[in-house]
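Note that these values count all heavy atoms, side chains included, but never hydrogens, waters or copies made by symmetry. Keep in mind it's a predicted model, so treat the numbers as computed, not measured.
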Amino acid sequence: MEYNMPGFRVGKAVVAGYAAFSKQCGLYVAAAAIAAHADEIAAAGLKASKTGVTFTAAKPIPDALVEKLAKASRKALA
């Protein structure tokens, strides 16, 4: 748990965290991961902030993009 959200830690770095809200969910990764995959996030019709991607159950983040974001976040935080 980090920032009151469940997440995945590798060593001392939290590689990804996630949260669910009443109307949307969020995947939170390193800012460098969002920047590196901004075009893919937009192409998937998703919204991104500096460190997160929001999505709904009806329009989830594609599995391949989740994997890319997690790997990029891990690399950025290593």
Side-chain angles (χ1 to χ4, degrees):
M1 296 292 288
E2 199 71 34
Y3 304 108
N4 290 322
M5 289 187 289
F8 301 93
R9 183 183 303 273
V10 176
K12 293 185 179 183
V14 175
V15 174
Y18 55 94
F21 306 100
S22 61
K23 295 186 180 187
Q24 67 187 20
C25 300
L27 174 68
Y28 302 95
V29 295
I34 299 291
H37 297 287
D39 291 341
E40 291 176 75
I41 293 166
L46 301 168
K47 294 182 181 180
S49 66
K50 183 177 177 183
T51 60
V53 179
T54 58
F55 60 97
T56 65
K59 190 170 193 171
I61 303 172
D63 292 345
L65 183 53
V66 171
E67 186 175 344
K68 288 178 184 181
L69 288 168
K71 286 180 178 180
S73 183
R74 182 177 181 189
K75 183 178 179 182
L77 297 171

Test item: Ser73 side-chain N/O and Val15 main-chain N/O as donor-acceptor pair under 3.5 Å: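 Here the side-chain-to-backbone pair exists.
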Looking at [X] and [Y], what are the two nearest heavy atoms and their distance?
{"X": "Ala16", "Y": "Val29", "result": "CB-CG1, 3.9 Å"}
{"X": "Lys68", "Y": "Glu40", "result": "NZ-OE1, 2.8 Å"}
{"X": "Lys59", "Y": "Gly45", "result": "NZ-O, 3.7 Å"}
{"X": "Phe8", "Y": "Tyr18", "result": "CE1-CE2, 3.7 Å"}
{"X": "Val10", "Y": "Arg74", "result": "CG1-NE, 3.6 Å"}

Gap between atom CG of Leu27 and atom CE of Met5 - 0.5 Å precision: 9.5 Å
CD1 of Ile34 to OH of Tyr28: how many Å apart, nearest 0.5 Å? 10.0 Å
From the options Ile41, Thr54, Leu46, select the one residue that forms a side-chain contact (heavy atoms from CB on, under 4.5 Å) with Ile61. Leu46
